[in-house]
J.: 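Would you mind keeping the following structure in view while I ask a few things?
First listed ligand is number 1; within each ligand, the first listed atom is number 1. Note that this is a predicted model, so its numbers are computed, not measured.
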Amino acid sequence: MVTRVTRTSSADSSGIYRRPRLILKLKRFEDLPTVLSKTKSYPTPIRMVGADYSQTRCVGGDGGTTVDTAALDKIIEFGENFVRAQAGVRVGTLVHALAERGLELPLTPEMGLISLGALAVTTLPQASHAAGTAQLSSLVTELKLITPQGKQMIVTERERDLMRVLRSSYGLLGVVHEVVLRVRPLTPVKIDYQVLSLREFVGRFSSIVNAPGAVRLHISPFNDRITVERRTLDESASLSRSGIWQIRKSVMRNVLPAFGSTVGSVLAAPGLRAAMLSGMQRALRGSTRGVVMYAHEWMRDLPLEAWKARHTYSLWAFPQADYPKVLSQYFSFCKSYYKQHRYRCNVVSGASRLHQDKGSLFSVSYSGPMFTLEPSSTGDTGWDDFLIDFNDFASSLNGTPTFNQTRALQPEHVARPFGERVKLFRALRQRTDPLNRLRNSYFAYLLG
Ligand SMILES: Cc1cc2nc3c(=O)[nH]c(=O)nc-3n(C[C@H](O)[C@H](O)[C@H](O)COP(=O)(O)OP(=O)(O)OC[C@H]3O[C@@H](n4cnc5c(N)ncnc54)[C@H](O)[C@@H]3O)c2cc1C
């Protein structure tokens, strides 16, 4: 029924500690109830793994059973405004299949190696266009899962509260094997860039947030540069894709990597990085026309083995109203950290504007509009220590973290922003999984 593989190593090459006793390559979801009920054959905790690209120990094997969903890879049904697929399908595969049918997800991430199971139950904020949908899990309208007791459950968005909790459940309330996602007709996106100094950014902040479109930032504290990337849905461009707005894939392929925004792109030496950045920024300054493309065209795939990506980052979100202050303090923090420790991030920091989204319990924009801040690196020496101090910095500025993309988290970083939501989740988890069949030490530490 399943392929069983034993493993002895205590950490993978990325340094993320996992140590499952068993890794099961699940072939059929029908086998899940047996896996969940046979505690001797399949040791606790049972943890699902999708693409294995999280930045934290949220998969965390802990001497238990890690269940690999990669073989659940069927796209089951394409509708006019929905798609039904199994949990192991990768977002990149799905998005390309949708594009062939003239459809797309209302939010498209920049990298394709995300499993639909993880998309449904983790926090994946994206530069958003409108209130209500800023995390990928908010696209989920139906979930099929197996509970810790081995029962099949089907939940639709009509059960709002339950769906809200499941969309933030990280495999702690059940194992997802099938999802339905909202889709819409493929819509061209016009992309414009503006390169600003911190002072200019702060001065123009209200016009930046009030103009239509999704906003992504590329932040370079040591060069005093913030590149504002605006993505505007442009229905009319579909008629004139070869006309006024030329599709210039080369911008995505060649320019964005220099900002560190396209995953897998790294710039090793700070000196080289600074030189390339200023060159690219000069080039972009001269570019007044922008580009038009479909969202799936900017998506990148990473190596199948997560540790080969050589790109790591951490993510916090801050209230939109505070963001100019946060960014000013981030510039100062980076400079004084460098002075003291001679370390600075060797990839440009990213950021996304997030509209309010109450679709999931641990949504980082649950309480209102936010901006993320994502220091990025190749994982060079000094990065792990930097993140410890950065976490305290972010927490002291009312930052909200995620459980899958914020590294080196401590319980106090979680308790302050999530407060009552953590208590609610803990109570639910204890009721639905009293034997802790699905819980690993990472979540025990952070959520109890
Ligand atoms: C270089 C890089 C670039 C990235 N770029 C982006 C980006 O542009 N946009 C973006 O949104 N994210 C991005 N990410 C984040 C990353 O994709 C996610 O944090 C993560 O990869 C989620 O997908 P996964 O399949 O790898 O999840 P995994 O790491 O395999 O799992 C994540 C969590 O979900 C649980 N889980 C997985 N499958 C199931 C299931 N079937 N049922 C129940 N629980 C399950 C796991 O147990 C775990 O707790 C990037 C990451 C990297 C390293």
Side-chain angles (χ1 to χ4, degrees), residues 12 14 16 18 20 26 29 32 45-62 64-70 72 85-92 105 107-128 134-137 139 143-148 166-179 216 260-266 295 298-315 347 350 352 354 364 372 374 376-379 402-407 438-440 442-443 446:
D12 72 10
S14 69
I16 294 182
R18 45 185 64 247
L26 191 70
F29 78 85
L32 281 167
I46 302 281
R47 296 298 300 158
M48 306 304 287
V49 66
D52 202 13
Y53 253 104
S54 292
Q55 294 291 296
T56 70
R57 285 206 312 112
C58 62
V59 170
D62 288 355
T65 308
T66 294
V67 181
D68 184 341
T69 60
L72 301 182
Q86 288 189 302
V89 172
R90 303 294 191 251
V91 175
L105 298 174
L107 292 176
T108 303
E110 266 134 270
M111 82 108 161
L113 269 180
I114 300 173
S115 63
L116 297 190
L119 177 153
V121 300
T122 68
T123 309
L124 296 171
Q126 312 295 321
S128 58
Q135 259 100 178
L136 287 176
S137 62
L139 308 180
L143 282 178
K144 285 189 184 169
L145 67 153
I146 309 293
T147 68
L166 289 172
R167 286 185 187 134
S168 278
S169 58
Y170 290 87
L172 295 165
L173 301 180
V175 176
V176 173
H177 64 85
E178 193 176 302
V179 301
R216 180 95 184 133
S261 71
T262 304
V263 290
S265 64
V266 290
W298 70 57
M299 198 172 210
R300 289 287 163 268
D301 269 334
L302 293 177
L304 281 175
E305 293 90 345
W307 59 271
K308 282 189 185 163
R310 288 179 62 235
H311 179 122
T312 118
Y313 65 94
S314 193
L315 182 153
V347 177
S352 296
L354 311 176
V364 291
T372 64
E374 303 157 26
S376 303
S377 142
T378 55
T402 72
F403 295 101
N404 52 320
Q405 301 196 67
T406 313
R407 297 166 70 100
L438 301 179
R439 186 182 68 163
N440 64 1
Y442 174 73
F443 284 109
L446 293 177

J.: Ignoring hydrogens and geometry, is there a side-chain-to-backbone donor-acceptor pair from Ser377 to Gly379 under 3.5 Å?
T.: yes
J.: Would Gln55 count as a contact residue for ligand 1, given that I'm defining contact as a non-hydrogen atom of the residue lying under 4.0 Å from a ligand atom?
T.: yes
J.: Looking only at non-hydrogen atoms, which of Phe443, Phe29, Tyr53 approaches atom 16 (C) of ligand 1 most closely?
T.: Tyr53
J.: Going by the atom numbers of ligand 1, which of them fall below 4.0 Å from some non-hydrogen atom of Val49?
T.: 30 (O)
J.: Polar contacts were defined as any N/O atom of the residue lying under 3.5 Å from an N/O atom of the ligand; does this apply to Val121 and ligand 1?
T.: no
J.: Under 3.5 Å between any N/O of Val175 and any N/O of ligand 1: does that happen in this structure?
T.: no
J.: List the residues meeting ring pair (Phe, Tyr, Trp, His ring centres under 6.0 Å) with Phe29, not counting sequence neighbours, and say none if there are none.
T.: His177
J.: Could you tell me if the side chain of Asp68 sits less than 4.5 Å from the side chain of Leu26, heavy atoms only?
T.: no
J.: Any sub-3.5 Å donor-acceptor pair from Ser169's side-chain atoms to Leu173's backbone N or O?
T.: no
J.: Can you tell which of Arg47, Met111, Met48 gets a heavy atom nearest to atom 39 (C) of ligand 1?
T.: Met48
J.: I need the contact type for Ser54 against ligand 1. Using non-hydrogen atoms and a strict under-4.0 Å cut-off, is it side chain, backbone, both or neither?
T.: both
J.: Should one rank Ala118, Gly171, Gly350 by closest heavy-atom distance to atom 22 (C) of ligand 1, which comes out on top?
T.: Ala118
J.: Applying side chain to side chain donor-acceptor pair (under 3.5 Å) to Thr66 and Arg47, what does each step give before you reach the verdict?
T.: CA-CA 5 Å; Thr66 294; Arg47 296 298 300 158; over 6 Å; no
J.: When you look for heavy atoms under 4.0 Å from ligand 1, do you find them on the side chain of Gln405, its backbone, both, or neither?
T.: side chain
J.: Who pairs with Ser115 by side-chain contact (heavy atoms from CB on, under 4.5 Å), at least two apart in sequence or on another chain?
T.: Arg90, Ala118
J.: Using only heavy-atom distances, determine whether the side chains of Gln405 and Tyr313 contain a donor-acceptor pair under 3.5 Å.
T.: yes
J.: Can you tell me if Phe403 has a non-hydrogen atom under 4.0 Å from ligand 1?
T.: no
J.: Return the option from Asn440, Asp52, Thr122 holding the heavy atom at the smallest distance from atom 33 (C) of ligand 1.
T.: Thr122
J.: May I ask you to check if ligand 1 and Thr69 share an N or O to N or O distance below 3.5 Å?
T.: no
J.: Of all the atoms in ligand 1, which lie at a distance below 4.0 Å from a heavy atom belonging to Glu110?
T.: 7 (C), 8 (O)
J.: Compute the shortest N/O to N/O distance between Ala51 and ligand 1 and return yes if it is under 3.5 Å, no if not.
T.: yes
J.: Quickly, which of Asn440, Thr122, Thr123 forms a side-chain hydrogen bond (donor to acceptor under 3.5 Å, both in side chains) with Tyr170? Name it, please.
T.: Thr123
J.: For the side chain of Arg167 and the backbone of Ser137, is there at least one donor-acceptor N/O pair under 3.5 Å apart?
T.: yes
J.: So if I count the atoms of ligand 1 from 1 in the order they appear, which ones are less than 4.0 Å from some heavy atom of Gln126?
T.: 9 (N), 10 (C), 11 (O)
J.: Backbone, side chain, both or neither: what part of Ile114 comes under 4.0 angstrom of ligand 1, heavy atoms only?
T.: both
J.: Okay, side chain of Thr372, backbone of Ser352: is any donor-acceptor separation there less than 3.5 Å?
T.: yes
J.: With a 4.0 Å cut-off on heavy atoms, is Gly60 touching ligand 1?
T.: no
J.: Quick check against the 3.5 Å criterion: does Gln135 have a side-chain atom that pairs as donor or acceptor with the backbone of Val364?
T.: yes
